[in-house]
Amino acid sequence: MTIPDTYAAIITAAGRGSRAGEGPPKQWRSLSGQSVLARSIAAFADFPRIVVTLAPEDMAQGIAELSGPVTLVAGGATRSESVRAALESLEGSGVTHVLIHDGARPLVPDAVIRGVVAALQSGAPAAAPALPVTDALWRAEDGRVTATASRDGLMRAQTPQGFALDAILAAHRAAPEGAADDVELAIRAGLPVTATPGDEDNLKITYGADFKRARRILEGTMDIRLGNGFDVHAFTAGDHVWLCGVKIAHDKALLGHSDADVGMHALTDAIYGALAQGDIGRHFPPSDPQWKGAESHIFLRHAAELARQMGYEISNADVTLICERPKVGPHAGAMALRLSEIVGVEFDRISVKATTSERLGFTGREEGIAAIATATLIRR
Ligand SMILES: Nc1ccn([C@@H]2O[C@H](COP(=O)(O)OP(=O)(O)OP(=O)(O)O)[C@@H](O)[C@H]2O)c(=O)n1
Ligand SMILES: C[C@](O)(CO)[C@H](O)COP(=O)(O)O
């Protein structure tokens, strides 16, 4: 489903997260390598417009850390005040519908968002996700249960809560005292609200322990694979070597069926290894004359493309070249850049380094060069 041009997402993130305990406000804390807020925003990446409410004192951090087409709006002292500031900023902008989402719900599944959009698209003026209450309900005082309560017809409210912009703005203006959420204001204003399917993963990070739960959910859905590769090529007569895609003048060359780029071969095998798809020899048999003298980027590109086809992204790679000479240090940056271009991964996720073998063994006697590589692949 394409999100219509006239839809906007409002992500509320101006709270202080006082219940989440020590440390920076919860929306700025890291959740498996990305801030809670960045994850909440990313869930709405398909929206043509995203407004984020931030506490005035967090604006500089917002400008520095939040990438993409987001508009930052200063929030207020309560969630309702923050939402209202965002709604006011959209008045007259051509936006017809808004989805208002807690910045503290970073794991909202796409299906939950699309359920709300679908309800609005079919004419509902208000729609929000919810889940049935499945536990028994009690009243308690001082740790003692004093009564039970019926759960019939009770739902647990989630976000994003979606509305026709004019209707929810009017509801906010009519109730400056605010409410726990926007659905409450909509109901007070007499708007019919459609309940759409919520999801247990769409938890609101409220207490410190919720971070642990969120991490479990996130990491449970990730498939992380590690692969290693090892390769050796012997020296022969020549005047240059190819290492990790960089041509380096040398008083010898490396012998091989292809261009003998030992570093690139090790990395290619690490990717195939992580995918459990054999090695270079299986995909490019040395017995096949068409690979004679081939440039090794062909192999590495193939492995990276296979990873993509299998649904994995390459998260990082680390290559170590083992040789006395040529000196690798001066070329390591250029090598990492070349590898990053070939595999389509950011430069700062690729490492190329070198070591000698302290003049021991075949690399120490300068009979050849060895390389080892590790690659991490993630399927989310
Ligand atoms: N003045 C406020 C208060 C809350 N929020 C946002 O509304 C969402 C839901 O609120 P809640 O979980 O209560 O967050 P906090 O107010 O930050 O938490 P606490 O009550 O523990 O301080 C959060 O994304 C929060 O940042 C907001 O934009 N402006
Ligand atoms: C908006 C909300 O997340 C819906 O469940 C909830 O009302 C926020 O409550 P809080 O007490 O402000 O965390």
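Remember, it's 1-based here, ligands and their atoms both numbered in the order they're listed.
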Determine yes or no for a side-chain-to-main-chain donor-acceptor pair under 3.5 angstrom, with [X] supplying the side chain and [Y] the backbone.
| X | Y | answer |
| --- | --- | --- |
| R225 | I271 | no |
| D102 | A104 | no |
| S82 | T78 | yes |
| D58 | Q61 | no |
| R151 | D135 | yes |
| T12 | V83 | no |

[atom]: which protein heavy atom is closest, and how many Å away?
| atom | answer |
| --- | --- |
| atom 5 (O) of ligand 2 | A157 O, 2.7 Å |
| atom 7 (O) of ligand 2 | A180 O, 3.4 Å |
| atom 8 (C) of ligand 2 | K204 CE, 3.7 Å |
| atom 28 (O) of ligand 1 | A14 N, 2.9 Å |
| atom 2 (C) of ligand 2 | D102 OD2, 3.6 Å |
| atom 10 (O) of ligand 1 | R79 CD, 4.5 Å |
| atom 5 (N) of ligand 1 | G15 N, 3.4 Å |
| atom 14 (O) of ligand 1 | K26 NZ, 3.2 Å |
| atom 7 (O) of ligand 1 | T12 OG1, 3.2 Å |
| atom 9 (C) of ligand 1 | D102 OD1, 3.5 Å |

Should you measure from each heavy atom of [X], which atoms of ligand 1 turn up under 4.0 Å away?
| X | value |
| --- | --- |
| A104 | 24 (O) |
| A77 | 1 (N) |
| T53 | 28 (O) |
| S82 | 1 (N), 2 (C), 27 (C), 28 (O), 29 (N) |
| G103 | 24 (O) |

Is any side-chain N of the basic residue among [X] and [Y] closer than 4.0 Å to the acidic one's carboxylate O?
| X | Y | value |
| --- | --- | --- |
| E367 | K252 | no |
| D210 | K212 | no |
| E366 | R325 | yes |

Numbered atoms of ligand 2 (with element) below 4.0 Å of R79, judged on heavy atoms:
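Those of ligand 2 that fall under 4.0 Å from R79 are 1 (C).
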
Against heavy atoms of R105, which atoms of ligand 2 measure under 4.0 Å?
2 (C), 3 (O), 4 (C), 5 (O)

Aromatic contact, [X] with [Y] (centres under 6.0 Å):
| X | Y | result |
| --- | --- | --- |
| H302 | F284 | yes |
| H101 | F44 | yes |
| H97 | F163 | no |

Does any N or O of ligand 1 fall below 3.5 Å from an N or O anywhere on K204, backbone included?
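For ligand 1, there is an N or O atom that lies under 3.5 Å from one belonging to K204.
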
Within-shell test, T206 vs ligand 2, heavy atom, strictly < 4.0 Å
no

R301 vs E305, test: salt bridge (Lys or Arg N to Asp or Glu O under 4.0 Å). Steps then yes/no.
CA-CA 6 Å; R301 262 182 235 286; E305 185 48 36; over 6 Å; no

Quick one: does T78 get a heavy atom under 4.0 Å from ligand 1?
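Right, T78 reaches ligand 1.
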
Selected option - heavy-atom contact closest to [atom], from [options]:
| atom | options | result |
| --- | --- | --- |
| atom 1 (N) of ligand 1 | G17, P25, G76, G21 | G76 |
| atom 12 (O) of ligand 2 | R19, E184, R156 | R19 |
| atom 13 (O) of ligand 1 | R19, E81, R16 | R19 |

Steps toward side-chain hydrogen bond (donor to acceptor under 3.5 Å, both in side chains) verdict (N316, T376)
CA-CA 5 Å; N316 79 301; T376 314; 2.7 Å; yes

Ignoring angles and geometry beyond distance, decide whether D181 reaches within less than 3.5 Å of ligand 2 through its nitrogen or oxygen atoms.
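Between D181 and ligand 2, no N or O pair is found under 3.5 Å apart.
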
